[in-house]
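This report concerns only the one structure given below.
Every chain is numbered from 1 and lettered A, B, ... according to where its sequence line falls, protein lines coming before strand lines. All of these numbers come straight from a predicted model, not from anything done at the bench.
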There are 2 protein chains.
Amino acid sequence: MSSDFQPKKLPRQARSRQTFDAIVEACARLLIADGYGALTTNHIAEVAGVSIGSLYEYFGDKDAVVYEVVRRTAHGFSEDAARPLPAFGRVSVRTAITSWIDALFAAMRSREPLLRAIAADVPQTIREPHERESRVRYLELARTAYRMAGDHVRQDRVEEVSFLLVTLVEAALTRLVLDPPDDVSPAVVVDELSCRVLEWVAPRSRARPRPSGSR
Amino acid sequence: MSSDFQPKKLPRQARSRQTFDAIVEACARLLIADGYGALTTNHIAEVAGVSIGSLYEYFGDKDAVVYEVVRRTAHGFSEDAARPLPAFGRVSVRTAITSWIDALFAAMRSREPLLRAIAADVPQTIREPHERESRVRYLELARTAYRMAGDHVRQDRVEEVSFLLVTLVEAALTRLVLDPPDDVSPAVVVDELSCRVLEWVAPRSRARPRPSGSR
DNA sequence: TCATAATCCGAGTAATCGCTCGGTTTTACT
DNA sequence: AGTAAAACCGAGCGATTACTCGGATTATGA
């Protein structure tokens, strides 16, 4: 069940917890500075200020350290992005969606260097589990928004449109943070993104949506 | 100017052209089978049926071989996807966009294993130049469609919407090919994708678009 | 205090792998 | 046929690096 990347042993005492954290943080720093390709366990240990032996006390192999870095990033990440969400139900769907997009964008921007390093070189086997997990959450959010829109939108392609919605938001924000085109302003794109997405799940007009998806 | 990944020497005789191709093809096969992480130059040469010395006759280093694989993939790729485009002007914008999306999807599907291998592990420094190049072409297409739509759509955020459009199509098709969710049918998603994109650049209704992009 | 477990250490090992280089074989050309 | 250039060969060098292991050090708890 559990991935092979899991730490082989978790720290039990305070001192070892510091060691563990130092290793993970050093790994993150090196990932940002030199990329996955130049990452070595000896280097990680050196930067962390611990011995190579200690590193292998907690991590089965090199990728387990990277995995932990990615895991922490994704975790802190989804916490930031999920914060505005409890408002769902108290505010309109429109507000909820918009603030979700804004929060996600802010969360990504604040971790830009690490995100860039991870997206650039880290093998998919390491990234995938976390990307999958957050995507599942986003999909749930999209479906909820869809349901709340009631019969203002077509209900026969909920899965398909949710998929497109999540894909669009994720990809657009990622590209906006990591590789922004120089002839657009990020803020305007984010605004436009919100508008386009809202048109899908919570259109302004009272009119029923177009009758059919056929060409 | 030119990247360091360029082949150090191009084959001049027929025999060497075969050698060159065999190396590139072997690299592609190994990339698909074992991934970038397990790729070795000795292994490439062995599978190609040539000596390691011959490999370094044409390629400055390992990544130059991978670069050539990616280059060829992206090239054959954009040829397939661009084939339906000359029709622009002879057919409606709607038809052009739809057939572009369909062609792109087909082109990606037919190269699925290689695309998966490249997306999974190949460092961004190698992928980026080609992704950038095709993205520029797609953006040009989006702008053209936008312009042809005339005043049926707002003209003050052409760049922003084009960016979103290209991002959506690229990301959705990629995910659909490499990591299709199991509760949607790819064909339906592609159809829905076309519909959504067409709504942006060539809406059905004659009515003017909504007046403002503000929330 | 003392035994036991947890933690830490880092020199060393074994294996890998990118790449070179001196030399042979093949092709092109006159 | 003769020659020069192009192509090919592959053993092996040099460097890197993931990971081990036997032992030192520190914490726990009875």
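Checked for salt-bridge contact, B/R116 and B/D179 miss the test: no charged N lies under 4.0 Å from a carboxylate O.
Contact between the side-chain N/O atoms of B/S16 and the OP1/OP2 oxygens of D/dA7 is found at a separation under 4.0 Å. Contact annotation: B/K9 side-chain N/O to D/dA7 OP1/OP2 distance is under 4.0 Å. Of the side-chain N and O atoms in A/T19, one or more sit less than 4.0 angstrom from OP1 or OP2 of C/dC8. Of the side-chain N and O atoms in B/S54, one or more sit less than 4.0 angstrom from OP1 or OP2 of D/dC9. For the pair A/S51 and C/dC8, the criterion of a side-chain N or O lying under 4.0 Å from OP1 or OP2 is not met.
In this structure, B/N42 and B/R12 both approach DNA chain D, and ranking their closest nucleotides by distance from the 5' end singles out B/R12. Between A/E57 and B/D61, the residue anchored closer to the 5' end of DNA chain C is A/E57, taking for each the nucleotide with the nearest heavy atom. Mapped onto DNA chain D by nearest heavy atom, B/R15 and A/D63 fall at different nucleotides, with B/R15 at the one closer to the 5' end. For the pair B/G53 and A/I52, nearest-nucleotide mapping onto DNA chain C gives the more 5' position to A/I52.
Using a 4.0 Å heavy-atom distance criterion, B/I44 is classed as making no nucleic acid contact. Nucleic acid contact for B/F59: none, since no nucleic acid atom lies under 4.0 Å from a heavy atom of the residue. Counting any heavy atom pair closer than 4.0 Å across all strands shown, A/Q13 reaches sugar-phosphate atoms only and no base atom.
Using modelled atom types and a 3.5 Å distance limit, the side chains of B/D63 and B/Y36 yield a donor-acceptor pair. Counted by atom type alone, A/S92 and A/T95 present one or more donor-acceptor pairs between their side chains at under 3.5 Å.
Atom P of nucleotide D/dT17 and atom CG of A/L55 are separated by 15 Å, given to the nearest angstrom. Between the CG atom of B/L10 and the P atom of D/dA7 there is a distance of 10 Å, given to the nearest Å. With rounding to whole Å, B/F20 atom CZ is found 12 Å from D/dC8 atom P.
Looking at the side chain of A/Y56, the nearest of the listed nucleotides D/dA7, C/dG18, D/dC19 is D/dC19.
Using bins of under 30°, 30° to 60° and over 60° for the plane-to-plane angle, the ring pair A/F20/A/Y58 lands in the perpendicular bin.
Here the two rings, on A/H130 and A/F77, have centers that are 6.0 Å apart or farther.
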